[in-house]
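One structure below.
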Amino acid sequence: MTWTDLPGDRPFVLLATRAQDGPADEECALFLRFTGLPPERLRRVRLERESMPDLDLDEISGILVGGSPFNASDPIERKSAVQQRVEAEIAALVEAVVARDTPFLGACYGVGTLGTHLGAPIDGTYAEPISVVDVTLTAEGRDDPLAAGLPETFPAFVGHKEAISELPSGAVLLASSPTCPVQMFRLGQNVYATQFHPELDLDGIVTRIHAYAAFGYFAADELDLTLAAVRRAPVEAPSLLLRTFVERYAR
């Protein structure tokens with residue numbers, strides 16, 4: 001299916017929070033590439049720059065959430081005014097999304113936003129360094145329509161300081177890895193979150209490694225090791241989630 005075959009004309013919304021233009025623009029370009037959407041059907045909202053618009057959930061096809069330098073588990077005194085505003089606005093939106101079971105796919109930061117709403121413990125227990133890990137679908141994941149076409153085990157890009165340490169009540173575990181038990185889950189029928197990054201290719205994660213070198217994801221002398229870690233194995237399968245999400249929910 002090409003984007004010209006997609007039904008309807010309602011846009012998808014991409015919620016972004018990256019202050020650096022380079023990684024932010026590349027993130028949007030990667031979402032466009034892997035979803036197959038034309039630019040006019042992906043409305044990007046840069047929440048670090050502007051307040052959440054009044055989204056009519058009946059007039060959009062679905063919501064995508066990109067990664068973020070924000071950590072939901074940071075103590076309030078360490079959160080900037082911008083982060084606090086963004087978290088409050090996303091929390092209000094997620095409440096409506098969950099209540100209506102609106103199509104939603106959050107990548108990495110999506111786990112933090114959904115997990116917070118569900119009261120799940122989010123901490124550094126299962127943090128993963130920037131690298132490639134092997135993610136394995138659960139039995140429920142193998143049966144989930146969004147994971148159609150994914151192999152049972154596949155390499156994926158990760159890099160996060162926090163993660164859900166216990167699956168939220170009511171959620172269905174769809175994928176796991178040896179170093180992070182909750183790599184993907186579903187709430188209801190249409191609300192999804194992944195800890196790994198389905199929107200990244202090798203160039204994209206290399207851009208982020210350089211852009212966030214001083215953000216505490218790795219030590220100052222570990223740049224070369226980190227670059228080598230993301231080249232451990234080719235990563236291709238995760239992006240299928242984005243294309244399937246659009247094909248399933250476009251209207």
Side-chain angles (χ1 to χ4, degrees), residues 11-35 37 39-57 60 62-98 102 104-117 122 124 127-128 130 157-164 191-201 203-218 242 245:
F12 289 82
V13 175
L14 171 60
L15 301 180
T17 57
R18 299 187 184 279
Q20 298 84 358
D21 286 339
D25 291 343
E26 187 170 42
E27 177 180 73
C28 185
L30 286 166
F31 270 104
L32 285 169
R33 172 184 162 196
F34 289 132
T35 60
L37 288 167
E40 62 269 21
R41 290 199 68 177
L42 184 64
R43 178 185 176 188
R44 178 172 61 158
V45 180
R46 293 187 65 174
L47 291 172
E48 84 289 351
R49 293 187 174 184
E50 59 181 305
S51 294
M52 182 80 72
D54 184 14
L55 296 176
D56 184 344
L57 298 182
I60 62 175
I63 296 170
L64 297 160
V65 179
S68 177
F70 297 153
N71 291 304
S73 62
D74 282 347
I76 189 70
E77 63 270 16
R78 287 173 51 189
K79 294 181 179 181
S80 67
V82 170
Q83 180 175 351
Q84 293 180 50
R85 172 184 58 77
V86 169
E87 289 182 348
E89 291 173 348
I90 289 182
L93 178 65
V94 166
E95 183 175 8
V97 163
V98 170
T102 298
F104 177 100
L105 175 57
C108 195
Y109 191 46
V111 167
T113 56
L114 271 180
T116 298
H117 173 75
I122 301 173
E128 293 177 298
I130 300 173
F157 292 120
V158 298
H160 50 100
K161 301 175 188 177
E162 63 181 11
I164 285 178
V191 178
Y192 293 87
T194 68
Q195 187 64 74
F196 61 88
H197 286 273
E199 84 287 7
L200 278 178
D201 62 6
D203 288 342
I205 197 165
V206 167
T207 293
R208 292 187 191 178
I209 288 170
H210 287 288
Y212 298 109
F215 280 61
Y217 290 99
F218 53 89
L242 298 179
F245 183 81

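It should be emphasised that the depicted structure is a prediction, and the values quoted were computed from it without experimental measurement.
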Side-chain atoms of residues 75-82: list all donor-acceptor pairs with protein atoms under 3.5 Å, sequence neighbours left out, distances to 0.1 Å.
from, atom 1, to, atom 2, distance (Å)
Lys79, NZ, Ala72, O, 2.9
Lys79, NZ, Glu87, OE1, 2.9
Lys79, NZ, Glu87, OE2, 3.4
Ser80, OG, Val82, N, 3.4
Ser80, OG, Gln83, N, 3.1

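Comment: Arg46 engages Asp21 in a salt bridge, judged by a side-chain N to carboxylate O separation of less than 4.0 angstrom. Taking the charged nitrogens against the carboxylate oxygens, Glu27 and Arg208 do have a contact shorter than 4.0 Å, which makes a salt bridge.
By the side-chain contact (heavy atoms from CB on, under 4.5 Å) test, Asp56 is found to be paired with Asp58, Glu59, residues two or more places apart in sequence or in another chain being considered. Taking the side-chain contact (heavy atoms from CB on, under 4.5 Å) definition, one finds that Thr35 meets it with Leu37, Leu64, Leu242, Val246, sequence neighbours left out.
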Query raised in the report: Does the side chain to side chain contact (heavy atoms under 4.5 Å, CB included) test come out yes or no for Glu50 and Val45, once each step is laid out?
Result: CA-CA 8 Å; Glu50 59 181 305; Val45 180; 4.1 Å; yes
Query - Ile209/Phe218 under side chain to side chain contact (heavy atoms under 4.5 Å, CB included): CA gap, chis, key distance, verdict - result: CA-CA 9 Å; Ile209 288 170; Phe218 53 89; 3.9 Å; yes
Requested in this report: Give the C-alpha distance, both sets of side-chain angles, the deciding distance and a yes or no for side chain to side chain contact (heavy atoms under 4.5 Å, CB included) between Leu57 and Leu93.
Outcome: CA-CA 10 Å; Leu57 298 182; Leu93 178 65; 4.2 Å; yes
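The neighbour count for Gln84 CD, taken as heavy atoms of other residues, nucleotides or ligands under 6.0 Å away, is above 12.
Here the closest heavy-atom approach between residue Leu114 and residue Ala193 is recorded as CD1-CB, 3.7 Å. Here the closest non-hydrogen pair linking Cys28 and Leu14 is CA-CD2, 4.1 Å. In terms of heavy-atom proximity, Glu48 sits nearest to Ala16 at OE1-O, 3.6 Å. Of all heavy-atom pairs between Gly66 and Tyr109, the closest is O-CB, 3.4 Å. For the pair Leu55 and Arg43, the tightest heavy-atom approach, listed with the atom from each and the gap, is CD2-NH1, 3.6 Å. In this structure, Ser68 and Arg18 approach most closely via the heavy-atom pair N-NH2, 3.7 Å.
Note that the CD1 atom of Ile122 and the OG1 atom of Thr116 stand 3.5 Å from one another [nearest 0.5 Å]. Distance CD/Glu95 to CD1/Ile90: 14.0 Å, rounded to 0.5 Å. Interatomic distance, CD of Glu26 versus CG of Leu30, reported as 5.5 Å (0.5 Å rounding). Rounding to the nearest 0.5 Å gives a distance of 10.5 Å between CE of Met52 and CG of Asp54. The structure places CD1 of Ile63 at 6.5 Å from CZ of Phe104, a figure rounded to the nearest 0.5 Å. A distance of 8.5 Å separates CG of Leu200 from CZ of Phe31, quoted to the nearest 0.5 Å.
Contact of the Tyr212 side chain with the Pro23 side chain is registered, since non-hydrogen atoms from C-beta on lie closer than 4.5 Å.
A donor-acceptor contact shorter than 3.5 Å is absent between the side chain of His197 and the backbone of Glu199. Panel note: side chain Thr113, backbone Gly110; a donor-acceptor pair is recorded below 3.5 Å. Arg85 places a side-chain N or O within 3.5 Å of a backbone atom of Leu47 that can act as its donor or acceptor partner.
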